[in-house]
Amino acid sequence: QLQLVESGGGLVQPGGSLRLSCAASGFTSDYYAIGWFRQAPGKEREGVSCISISRTSIGINYGASVKGRFTISRDNAKNMVYLQMNSLKPDDTAVYYCAAAGRDLLWNRCLIRSNYDLWGQGTQVTVSS
């Protein structure tokens with residue numbers, strides 16, 4: 001059974017760092033994408049970062065608001081995907097979700113929410129002094 005479990009959220013001061021983890025299990029597809037999304041109160045869920053493993057390429061993408069501050073990575077042996085978040089701002093406060101798409105999805109489309117079939121339960125990140 002496919003399953004995603006996020007962890008690592010919490011309260012951090014502006015300028016601080018957090019690392020989110022996504023444990024993925026039950027995948028059988030050779031091609032897939034794992035994405036991080038976030039949703040703040042009263043706002044749409046937005047793409048933060050993603051990794052795409054497709055037939056033609058392995059790619060990474062970042063949302064404009066986090067580029068240069070956040071880094072996505074994966075550990076295949078542990079079936080984990082991480083989101084390292086540095087230089088956090090109050091605007092980064094949101095519930096962060098890990099999502100998976102078990103098909104061939106190019107990196108330039110892996111920040112599109114509707115491409116994902118499976119979602120984790122979310123983890124709260126609060127940036128405040």
Side-chain angles (χ1 to χ4, degrees):
Q1 182 179 357
L2 299 177
Q3 190 174 16
L4 300 173
V5 179
E6 305 99 330
S7 61
L11 173 64
V12 63
Q13 292 187 341
S17 298
L18 278 177
R19 189 178 79 156
L20 303 184
S21 300
C22 175
S25 60
F27 279 88
T28 59
S29 176
D30 291 334
Y31 310 114
Y32 61 90
I34 301 290
W36 284 100
F37 292 77
R38 67 185 181 186
Q39 188 165 19
K43 294 187 177 181
E44 295 281 322
R45 191 171 297 189
E46 65 168 339
V48 174
S49 184
C50 55
I51 289 180
S52 164
I53 315 298
S54 74
R55 275 175 290 183
T56 56
S57 64
I58 297 175
I60 288 176
N61 205 355
Y62 294 98
S65 62
V66 306
K67 198 170 292 185
R69 299 188 298 122
F70 291 11
T71 302
I72 193 170
S73 62
R74 62 179 178 143
D75 184 330
N76 288 339
K78 297 181 180 179
N79 291 326
M80 297 289 292
V81 175
Y82 304 101
L83 184 68
Q84 178 66 43
M85 306 186 295
N86 298 330
S87 302
L88 283 161
K89 306 174 183 179
D91 284 349
D92 295 318
T93 296
V95 178
Y96 284 70
Y97 297 91
C98 178
R103 62 182 184 278
D104 192 4
L105 184 63
L106 292 177
W107 66 270
N108 59 353
R109 297 189 60 81
C110 69
L111 282 179
I112 300 172
R113 185 180 65 186
S114 59
N115 283 328
Y116 289 84
D117 320 293
L118 179 68
W119 294 82
Q121 82 287 353
T123 185
Q124 176 71 46
V125 172
T126 302
V127 184
S128 175
S129 56

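Along the sequence shown, residues carry numbers from 1.
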Treating Ile, Leu, Val, Met, Phe, Trp and Tyr as nodes and any side-chain heavy-atom pair under 4.5 angstrom as an edge, say whether [X] and [Y] lie in one connected cluster.
{"X": "L2", "Y": "L4", "answer": "yes"}
{"X": "L111", "Y": "W107", "answer": "no"}
{"X": "I112", "Y": "V66", "answer": "no"}

For T126, does its backbone N or O pair with a side-chain atom of T93 as donor and acceptor, under 3.5 Å?
->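 Such a contact is absent between T93 side chain and T126 backbone.
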
Quick check: does any side chain N or O of Q3 sit under 3.5 Å from a backbone N or O of A24, one acting as donor and the other as acceptor?
->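 Judged by distance alone, no pair lies under 3.5 Å.
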
Checking R38 against Y97: charged group under 6.0 Å from the ring centre and within 45 degrees of the axis?
->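 Cation-pi check for R38 and Y97: fails.
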
Hey, does the Lys NZ or Arg CZ of R19 hover above the aromatic six-ring of Y82, less than 6.0 Å from the centre and inside 45° of the axis?
->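 Because its charged atom sits under 6.0 Å from the ring centre and within 45° of the axis, R19 does stack over Y82.
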
Please report the interatomic distance [atom1]([X]) to [atom2]([Y]), rounded to the nearest 0.5 Å.
{"X": "D104", "Y": "R55", "atom1": "CG", "atom2": "CZ", "answer": "4.5 Å"}
{"X": "C110", "Y": "Y116", "atom1": "SG", "atom2": "OH", "answer": "4.5 Å"}
{"X": "R103", "Y": "S54", "atom1": "CZ", "atom2": "OG", "answer": "12.5 Å"}
{"X": "I58", "Y": "R74", "atom1": "CD1", "atom2": "CZ", "answer": "5.0 Å"}
{"X": "S49", "Y": "Q84", "atom1": "OG", "atom2": "CD", "answer": "12.0 Å"}
{"X": "I34", "Y": "S52", "atom1": "CD1", "atom2": "OG", "answer": "10.5 Å"}

Check whether more than 12 heavy atoms from other residues, nucleotides or ligands sit under 6.0 Å from atom CZ of R45, and answer yes or no.
->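 Count over threshold, so yes.
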
Give a yes or no on whether E44 atom CD has more than 12 heavy-atom contacts from other residues, nucleotides or ligands under 6.0 Å away.
->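 Counting neighbours around CD of E44, 12 or fewer heavy atoms of other residues, nucleotides or ligands fall under 6.0 Å, so no.
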
Please report the closest heavy-atom contact between [X] and [Y], naming both atoms and the distance.
{"X": "S87", "Y": "D92", "answer": "O-OD2, 4.4 Å"}
{"X": "D30", "Y": "I53", "answer": "O-CG2, 3.9 Å"}
{"X": "Y96", "Y": "L20", "answer": "CB-CD1, 3.5 Å"}
{"X": "Y32", "Y": "G102", "answer": "CB-CA, 4.2 Å"}
{"X": "K43", "Y": "Q39", "answer": "O-NE2, 3.1 Å"}

Aromatic contact, F70 with W36 (centres under 6.0 Å) =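 They do not qualify: ring centres at least 6.0 Å apart.
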
[X] side chain near [Y] side chain, heavy-atom distance below 4.5 Å:
{"X": "L83", "Y": "V48", "answer": "yes"}
{"X": "S21", "Y": "M80", "answer": "yes"}
{"X": "L105", "Y": "Y31", "answer": "no"}
{"X": "S128", "Y": "P90", "answer": "no"}
{"X": "E6", "Y": "Q121", "answer": "yes"}

Taking it one step at a time, do L18 and L88 satisfy side chain to side chain contact (heavy atoms under 4.5 Å, CB included)?
-> CA-CA 8 Å; L18 278 177; L88 283 161; 4.2 Å; yes

What's the verdict on side chain to side chain contact (heavy atoms under 4.5 Å, CB included) for V81 and I72, showing C-alpha distance, side-chain angles and the deciding distance?
-> CA-CA 7 Å; V81 175; I72 193 170; 3.9 Å; yes

State whether a side-chain donor-acceptor pair under 3.5 Å links N115 with R113.
->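 On atom types as modelled, these side chains do not qualify, holding no pair under 3.5 Å.
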
